[in-house]
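Have a look at the structure below, then the notes.
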There are 2 protein chains.
Amino acid sequence: MAERTSSADLRRLILDTTRHLLVEKGYADLSMRKIAKAIGYSATSIYLHFENKDALFHALIEEGMERLLAELKQAEAAHPGDPVARLEALCQAYVHFGLENPEYYEIMLLLHPAHMARYPADKFRRARRNLDVIEAALIDGVNQGVMQATNTRVSTSVIWAALHGAVSLLNAKRVDIRIAHKDLIAETVRHTLRGCCPSLER
Amino acid sequence: MAERTSSADLRRLILDTTRHLLVEKGYADLSMRKIAKAIGYSATSIYLHFENKDALFHALIEEGMERLLAELKQAEAAHPGDPVARLEALCQAYVHFGLENPEYYEIMLLLHPAHMARYPADKFRRARRNLDVIEAALIDGVNQGVMQATNTRVSTSVIWAALHGAVSLLNAKRVDIRIAHKDLIAETVRHTLRGCCPSLER
DNA sequence: CGTCGTTACTTAACGCCGTTAACAAGACCA
DNA sequence: TGGTCTTGTTAACGGCGTTAAGTAACGACG
């Protein structure tokens with residue numbers, strides 16, 4: 001069992017090491033050569049497992065999307081009956097993920113479109129499953145008459161945009177330092193819910 | 001009068017050329033050497049006018065902030081009496097600026113924090129003046145009883161985050177292609193207003 | 001046993017990058 | 001006239017992503 005690192009193991013090692021370096025040193029500091037040095041191989045070895053640097057990051061993005069989806073599903077499962085409470089939990093889960101995994105979040109959502117050119121379309125579609133969870137809550141809410149939306153697809157993206165804006169501004173430290181993170185988050189969620197639930201009085 | 005390009009002129013030429021290259025080729029394609037080639041000087045000449053690449057971009061950021069502020073001020077002046085209409089116009093102006101100047105917007109708000117480390121604090125403060133225009137509308141609205149906000153500073157950032165999220169997702173082409181830009185924008189503005197103006201029925 | 005192809009990995013190199021050091025030519029001024 | 005400041009240059013450093021070429025170990029097969 002305790003054989004030498006096999007091919008698949010090395011791929012796994014590259015991914016794990018890259019993720020750790022990403023969290024510790026940040027995206028800007030990451031290079032193929034540094035990853036290679038960290039795992040004790042030459043830089044060109046990485047190219048045996050990933051077509052190029054973008055492909056390596058795409059694999060990490062996919063993992064990040066899966067993690068996010070898992071957290072959203074968990075929030076969803078906690079409020080099966082109440083779409084408003086569910087939407088609120090989803091908003092909290094999204095923001096929480098973004099703030100707790102800033103480096104993950106950066107490559108997942110801030111990586112420049114130029115790096116995404118080679119990103120396969122089917123993975124883009126899988127990433128959209130995260131939004132489906134939010135839209136499902138919206139649809140439930142509309143059907144139960146507690147939410148209003150002329151187009152749930154559009155409203156879902158609007159909600160996503162609001163959450164993404166808050167996360168990315170906070171992570172980039174662009175928000176007025178006199179504002180506590182939790183206040184901005186709480187108010188963002190409140191705004192978001194108020195935007196969908198006309199009857200809400202909070 | 002038609003002398004050789006003076007020192008200040010070359011600085012201006014560098015800034016203008018960089019801005020044009022930025023719009024034409026994008027941020028990722030930009031290098032000191034390419035800028036130098038475009039203006040017909042050696043790369044090291046740029047360092048006579050800007051401490052480094054970041055400083056050059058900081059100067060562009062400042063110009064962009066001034067342009068954005070001018071557009072916001074214009075929207076503000078168009079609705080002196082009605083804070084709700086003013087806030088709506090401000091939201092539209094912000095989004096419009098972001099979508100019409102994607103490369104400007106990128107360096108202004110998407111440039112990685114690492115590049116901003118040397119960004120002087122006073123310029124950060126000047127950048128915040130853009131938000132002051134929004135907050136002024138909020139304060140007016142609250143005073144007139146047509147808006148509600150427990151903390152206008154927090155609410156201002158929440159609004160900003162929602163607008164920024166929409167702009168950056170649209171510019172990054174991350175929004176579902178079946179959603180028209182103008183629909184997302186309209187719904188974002190509507191959500192934003194509904195979040196602040198409890199009496200609004202639209 | 002020997003050879004052959006495959007796999008896993010290396011070193012060397014290419015052409016970029018931001019940035020610095022060293023130097024040259026003209027302007028200005030004592 | 002001579003010295004210094006300004007404005008520009010070329011050459012170089014170390015780093016980057018990536019590719020080309022080579023090597024060493026290994027399993028299969030005659």
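The model shown is predicted, which means the values in this text are computed figures rather than measured ones. By convention in this document, chain letters (A, B, ...) are assigned in the order of the sequence lines, proteins followed by strands, and residues within each chain are numbered from 1.
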Axis-to-axis angle for the helix from C:dC1-D:dG30 to C:dA30-D:dT1, ends of five pairs each, to 10°, equals 40°

Sub-3.5 Å donor-acceptor pair from the side chain of [X] to the main-chain atoms of [Y], do we have one?
{"X": "A:Asp140", "Y": "A:Pro83", "value": "no"}
{"X": "B:Asn151", "Y": "B:Val154", "value": "yes"}
{"X": "A:Thr17", "Y": "A:Ile14", "value": "no"}

Decide side chain to side chain contact (heavy atoms under 4.5 Å, CB included) for B:Met108 and B:Leu68; before the verdict, give the C-alpha distance in whole Å, the side-chain angles of both, and the deciding distance to 0.1 Å. CA-CA 10 Å; B:Met108 285 168 60; B:Leu68 172 57; 4.1 Å; yes

Just how far, in rounded Å, is [atom2] of [N] from [atom1] of [X]?
{"X": "B:Ile39", "N": "D:dT7", "atom1": "CD1", "atom2": "P", "value": "14 Å"}
{"X": "A:Tyr47", "N": "C:dT10", "atom1": "OH", "atom2": "P", "value": "14 Å"}
{"X": "A:Ile46", "N": "C:dA8", "atom1": "CD1", "atom2": "P", "value": "16 Å"}
{"X": "B:Leu10", "N": "D:dT7", "atom1": "CG", "atom2": "P", "value": "9 Å"}
{"X": "B:His49", "N": "D:dT7", "atom1": "NE2", "atom2": "C1'", "value": "8 Å"}
{"X": "A:Phe50", "N": "D:dT18", "atom1": "CZ", "atom2": "P", "value": "13 Å"}
{"X": "A:Glu51", "N": "D:dT18", "atom1": "CD", "atom2": "P", "value": "9 Å"}
{"X": "A:Lys53", "N": "D:dT19", "atom1": "NZ", "atom2": "P", "value": "14 Å"}

Side-chain N,O (B:Ser42) to OP1/OP2 (D:dT9) below 4.0 Å: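 For D:dT9, OP1 or OP2 has a side-chain N or O of B:Ser42 closer than 4.0 Å.
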
Establish, with yes or no, whether the OP1 or OP2 oxygen of D:dG8 is under 4.0 angstrom from a side-chain nitrogen or oxygen of B:Tyr41.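 Affirmative; the distance criterion is met.
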
Contact summary for A:Lys34 and A:Leu21, nearest pair of heavy atoms: O-CD1, 4.2 Å

State whether B:Glu62 and B:Arg129 are salt-bridged, where the test is any N-O pair (Lys NZ or Arg NE/NH1/NH2 against Asp/Glu carboxylate O) under 4.0 Å. no

Output yes when A:Asp82 and A:Arg86 qualify as a salt bridge under the 4.0 Å nitrogen-oxygen rule, no when they do not. no

If you check the A:Ala43 side chain, which of C:dT19, D:dT18, D:dG8 turns out closest?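 Of the options given, the side chain of A:Ala43 lies nearest D:dT18.
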
Nearest listed nucleotide, side chain of B:Leu48, among D:dT10, D:dT18, D:dT7: D:dT7

Can the ring centroids of B:Tyr27 and B:Phe57 be said to lie less than 6.0 angstrom from one another?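 Ring centroids of B:Tyr27 and B:Phe57 are less than 6.0 Å from each other.
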
Is it the case that B:Glu88 and B:His79 place a side-chain donor and acceptor less than 3.5 Å from each other?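 B:His79 and B:Glu88 do not have a side-chain donor-acceptor pair below 3.5 Å.
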
Output for pair (A:Leu111 CG, A:Asp54 CG), nearest 0.5 Å, gives 7.0 Å

Out of A:Tyr94, A:Phe97, A:Tyr105, which one pairs with A:His164 under the ring pair (Phe, Tyr, Trp, His ring centres under 6.0 Å) rule?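 Going through A:Tyr94, A:Phe97, A:Tyr105 one by one, the ring pair (Phe, Tyr, Trp, His ring centres under 6.0 Å) with A:His164 is satisfied by A:Tyr105 alone.
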
With a 4.5 Å limit on heavy-atom distance, are the side chains of B:Leu87 and B:Ile134 in contact? yes

Expected output is a numbered-order residue list: members of residues 18-37 of chain A with a heavy atom under 4.0 Å from any atom of DNA chain C. What is it?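 Of all residues in residues 18-37 of chain A, the ones placing a heavy atom under 4.0 Å from DNA chain C are A:Arg33.
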
Could you list, one pair per line, each protein nitrogen or oxygen that sits under 3.5 Å from a nitrogen or oxygen of nucleotides 20-22 of chain D, together with the distance?
none

